Engineer: 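The structure that follows is given in the form of structure tokens.
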Amino acid sequence: MIDRAFFDRPVLEVAPEVLGGVLTRRQPGVEPVSIRITEVEAYDGRIDPASHAYRGRTRRNATMFGPPGHLYCYFIYGMHHSLNMVCEAAGAPTGLLLRAGEVTAGHELVRARRSVRRRTPLRDRDLARGPGCVAQAFGAGPETDGADLFGGEWTFATPPAPVEHVTGPRVGVSGDGADPAVFPWRFRIPGDPTVSAFVPGRRKARR
DNA sequence: CAGTAGATCGCCT
DNA sequence: GGCGATCTACTGC
């Protein structure tokens, strides 16, 4: 069992230890959902131009400035939510974006949630492949922002033994924060089929 | 498999 | 007013 101190450490130190861990959401009257995390990205608002917190505290990013062990959940691209685990002490705005994982409990519910307004069949490994997919699998929405990982509804368990991992460039990030030489802050379990497609700087090059 | 367009809206400049 | 820590479907090879 971990406690809040687990998250009260440098985000780059926490990142590899989250891999292989299982995040679970238990809501009254709802089938529990568990996802084994296979890919995360670190963000540090103090030094990282790609972080939502880089330009200071706003209403949206306030959770990242709060105490560790909470979920920072935000709305993006007009249709998706993304989940972060807040790390380090209050005032140090850091977070781990949950990019992908393997559903280990609640398959039926997740499949139903992920199949809404979808025309093509969904493979098992795609149930929580991608940040927006992870949030949707958990049924996370605006009300999830600020949720306490030690409040009962959400729980996180680290793997029995440390898991092998590799690092690389972040995905979907542009500008100064995209440089993999400076911010190789994407952590993933090598070879895991649920890790999202590696397409750094996906946005079309300008011409 | 690679490349791309469209959807859709809150946030911040 | 522009763009974003994205996803899906579709095209062409």
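The sequence lines fix the lettering, A, B, ..., with proteins before strands; numbering per chain opens at 1. Predicted model, so just to flag it, every value in this text is computed and none were measured.
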Engineer: Nearest-Å distance, CZ (A:Arg113) to P (C:dC7)?
Structural biologist: 17 Å

Engineer: Between C1' on B:dC12 and CZ on A:Arg60, what's the gap in Å once rounded to a whole number?
Structural biologist: 8 Å

Engineer: Which whole-number value in Å describes the distance from A:Asn84 CG to C:dG4 P?
Structural biologist: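 Between P of C:dG4 and CG of A:Asn84: 18 Å.
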
Engineer: Under 30°, 30 to 60°, or over 60°: which ring-plane class applies to A:Tyr72 and A:His52, parallel, tilted or perpendicular?
Structural biologist: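 Perpendicular: the ring planes of A:Tyr72 and A:His52 meet at over 60°.
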
Engineer: Measure the shortest side-chain to side-chain distance between A:Cys133 and A:Arg113 over non-hydrogen atoms and say whether it is less than 4.5 angstrom.
Structural biologist: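 Not touching, per the 4.5 Å side-chain cut-off.
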
Engineer: Heavy atoms from C-beta onward define the side chain here; which of B:dT13, C:dA5, C:dA9 lies closest to that of A:Arg55?
Structural biologist: B:dT13

Engineer: When the distance from CE of A:Met64 to C1' of B:dC11 is rounded to whole Å, what number comes out?
Structural biologist: 13 Å

Engineer: Ignoring the backbone of A:Tyr72, work out which of C:dG4, B:dC12, C:dA5 is nearest its side chain.
Structural biologist: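 It is C:dA5.
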
Engineer: Can you check the A:Ile76 CD1 to C:dT8 P distance for me, whole Å?
Structural biologist: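 So the CD1-P distance, A:Ile76 to C:dT8, works out to 16 Å.
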
Engineer: Just compare C:dT8, C:dC7, B:dG10 and give me whichever is closest to any side-chain atom of A:Pro131.
Structural biologist: C:dC7

Engineer: Does a side-chain N or O from A:Arg99 land closer than 4.0 Å to OP1 or OP2 of C:dA5, or not?
Structural biologist: no

Engineer: With rounding to the closest Å, how many angstrom separate the P atoms on B:dA5 and C:dC3?
Structural biologist: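 Each nucleotide's P atom is 15 Å from the other's.
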
Engineer: Can you tell which of C:dG4, C:dA5, B:dC12 lies closest to the side chain of A:Thr58?
Structural biologist: B:dC12

Engineer: Answer yes or no for this row: A:Tyr43 ring on C:dA5 base, centroids under 5.5 Å, planes under 30°.
Structural biologist: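 The ring of A:Tyr43 is stacked on C:dA5.
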
Engineer: With a 4.0 Å cutoff (strictly under), does any side-chain N or O of A:Arg129 reach OP1 or OP2 of C:dC7?
Structural biologist: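 No, because none of the side-chain N or O atoms of A:Arg129 sits under 4.0 Å from OP1 or OP2 of C:dC7.
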
Engineer: Report yes if a side-chain nitrogen or oxygen of A:Thr120 is closer than 4.0 Å to either non-bridging phosphate oxygen (OP1 or OP2) of C:dA9; otherwise report no.
Structural biologist: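 A:Thr120 to C:dA9 OP1/OP2: side-chain N or O found under 4.0 Å.
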
Engineer: Indicate the ring-plane relationship of A:Phe7 and A:Phe150, choosing parallel, tilted or perpendicular according to the 30° and 60° boundaries.
Structural biologist: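 Perpendicular, since the angle between the ring planes exceeds 60°.
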
Engineer: Between A:His80 (NE2) and B:dG6 (P), how many Å, whole number?
Structural biologist: 16 Å

Engineer: For B:dC12, does OP1 or OP2 lie under 4.0 Å from any side-chain N or O of A:Arg59?
Structural biologist: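 Checking B:dC12 against A:Arg59, no side-chain N or O comes under 4.0 Å of OP1 or OP2.
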
Engineer: Whole-Å distance between C:dC7 P and A:Phe75 CZ?
Structural biologist: 13 Å

Engineer: Any base atoms under 4.0 Å from A:Arg114, or only sugar-phosphate, or nothing? Heavy atoms, all strands.
Structural biologist: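 Sugar-phosphate only.
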
Engineer: Which residue is it: A:Asp126, A:Leu122, A:Leu127? I am looking for the one with a side chain to side chain contact (heavy atoms under 4.5 Å, CB included) to A:Asp124.
Structural biologist: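 Among A:Asp126, A:Leu122, A:Leu127, the one meeting side chain to side chain contact (heavy atoms under 4.5 Å, CB included) with A:Asp124 is A:Leu127.
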
Engineer: Please confirm whether A:Arg170 makes a cation-pi placement over A:Tyr43, using NZ or CZ under 6.0 Å from the six-membered ring centre and within 45° of the ring normal.
Structural biologist: yes

Engineer: Any strand is fair game: report the nucleotide pairing with B:dT8 by Watson-Crick or G-U wobble, both distances under 3.5 Å, or none.
Structural biologist: none

Engineer: Of the nucleotides B:dT8, C:dA5, C:dT8, which has the atom closest to the A:Met79 side chain?
Structural biologist: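 Comparing B:dT8, C:dA5, C:dT8 against the side chain of A:Met79, the answer is B:dT8.
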
Engineer: Using atom OH of A:Tyr54 as one end and atom C1' of B:dC11 as the other, report the distance to the nearest whole Å.
Structural biologist: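 Nearest whole value for this atom pair: 19 Å.
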
Engineer: Going by modelled atom types, is there a donor-acceptor pair between the base of C:dA5 and the side chain of A:Tyr74 at under 3.5 Å?
Structural biologist: yes

Engineer: Does C:dA5 have a Watson-Crick or wobble partner in any strand here, with both distances under 3.5 angstrom, and which is it?
Structural biologist: none

Engineer: Answer yes if the side chains of A:Arg188 and A:Thr38 hold a donor-acceptor pair under 3.5 Å, and no otherwise.
Structural biologist: no

